[in-house]
2 protein chains.
Amino acid sequence: MASPGPAFLLAQLGAHAARRFAERVAELDLTPPQAGLLRSVAREPGLSQQALAAHLGTPPTRVVALVDGLEERGLVERRRNLADRRLHALHLTEAGAALLREIGRVGAAHEDALLAALALLRREQLRGLLSRVVEEQRLTEGVHPGYRTLRDTRASDRETPGPVVR
Amino acid sequence: MASPGPAFLLAQLGAHAARRFAERVAELDLTPPQAGLLRSVAREPGLSQQALAAHLGTPPTRVVALVDGLEERGLVERRRNLADRRLHALHLTEAGAALLREIGRVGAAHEDALLAALALLRREQLRGLLSRVVEEQRLTEGVHPGYRTLRDTRASDRETPGPVVR
DNA sequence: TATTGTTATACTCTATAACTATA
DNA sequence: TATAGTTATAGAGTATAACAATA
């Protein structure tokens, strides 16, 4: 039985990393999708829910549910567009921005613990290799594929050149 | 907004890799957990279902369900232990072994497509870095954490030294 | 008639708990 | 009484479909 190749190690470690991160953000009463949404809203404030859903590659209904929970807690707000009252622009509240900074701290601690086996130079080396793969695979920067449905993934493969699949 | 660090890239690529692999093994009418079970049974034939569940870090009921499906298709078989008739030793059938070889081919194609951005030397470099992290994090070789529940993960963290968590 | 957002529903996966048989 | 395996049940997470408001 051959020892696992890099593709399996990626899946294995990726799931492990995601789980550990989930445990850490749970201390902030957040799930990873919620944390990701906060991050995305901060990255480009004012997007409509549909636009955000498209960026994340998720059905709009999921954004509604996520925003519902975060809005109740005063972390994000929906601002109705006066010109087109169907649109709800998403913005972080001050509390949301503060929590996002907390998420950043949690993420740094997570990374440090996860990569304890590697010195800083090696981590940078790893980051370089991974980002090359991310780019070639046409993954959206900063978006976890957990948002993306199988069907949506295939659809976007048809629209764009995409990575070579043999 | 800082570009993602290696921990996020790992989670992102890991989820992507798992999804792509799922698409590929679906062509063999298998899910990744089923493929993983076949692989585990091949690695150590004759384990009881409980022993296999412990190795995978999953509740035994899940193994029952997985084996049910695979046994119906004639890929694995339960052999009753005559000395202790409660025990069901798991073995691959000839068809199961053949399908496992197919899985190996699918996995190789998957890896090649996933890591198209990297030359062979770089892939080996990546494998080296990842396996160091896998070892330090005390992950079981060849077992995807998807089998492992959150509660079980924490329990095993308490029993073993485990990686340093700050 | 088309689009944004929402609500309602159903489905998949998995864990937990109850149960059977063997010891 | 304890253990291996099984069956039954329930919960979380997510997608799909139907609907309301606005354009």
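All values below were derived from every heavy atom in this structure, side-chain atoms included, with hydrogens, water molecules and symmetry-related copies excluded. Source: prediction; values computed, not measured.
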Side-chain contact check for A/S48: nearest option of C/dG5, D/dT14, D/dG5 is C/dG5

Ranking B/R78 and A/L82 by the position along DNA chain D of their nearest nucleotide, the one closer to 5' is B/R78

Rounded to whole Å, CD of A/Q34 lies from P of D/dA12 at a distance of 14 Å

Whole-Å distance, B/L52 CG to D/dG5 P, equals 10 Å

Rounded to whole Å, the CZ-P distance (A/R79 to C/dG5) equals 15 Å

Requested in this report: Return no unless some side-chain N or O of B/R80 is found under 4.0 Å from OP1 or OP2 of C/dT22.
Outcome: yes

>> By the 4.0 Å heavy-atom rule, please label A/Q50 as base, sugar-phosphate, or nothing.
In response: base

Rounded to whole Å, CG of B/L56 lies from P of C/dT14 at a distance of 12 Å

Original post:
Between A/R101 and A/E94, does at least one N-O distance fall below 4.0 Å, as a salt bridge requires?
Top reply: yes

In whole angstroms, the gap separating P of D/dG13 from OH of A/Y147 amounts to 13 Å

Is B/T61 side chain donor-acceptor paired with the D/dT7 base, going by distance under 3.5 Å alone? no

Testing C/dT14, C/dA23, D/dA4 for proximity to the side chain of B/L87, the answer is D/dA4

note: B/D84, atom CG; D/dA2, atom P; distance rounded to Å ~ 17 Å

(request) Identify whether any heavy atom of B/A51 sits under 4.0 Å from a base atom; if not, whether one sits that close to sugar-phosphate; answer base, sugar-phosphate or nothing. (result) nothing

> Around atom CZ of B/R73, are there more than 12 heavy atoms of other residues, nucleotides or ligands at under 6.0 Å?
Replying inline: yes

Checking only heavy atoms, does the side chain of A/R86 share a donor-acceptor pair with the base of C/dT3 at less than 3.5 Å? yes

From the candidates C/dT22, C/dT16, D/dA15, the one with an atom nearest any side-chain atom of B/R85 is C/dT22

Charged N-O contact under 4.0 Å between A/R105 and A/E102: yes

Exercise. Using a cut-off of strictly less than 4.0 Å, decide whether A/R62 has a side-chain nitrogen or oxygen near OP1 or OP2 of C/dT6.
Key: no

The residue, B/A83 or A/V64, whose nearest nucleotide of DNA chain C is more 5′ is A/V64

Rounded to whole Å, CG of B/N81 lies from P of D/dG5 at a distance of 10 Å

Is A/R79 paired with A/E71 through a side-chain N to carboxylate O contact shorter than 4.0 Å?
no

When rounded to whole Å, the NE2 to C1' distance for the pair A/H55 and C/dT4 reads 20 Å

Under 3.5 Å: donor-acceptor pair, side chain of B/Q137, backbone of A/L114
yes

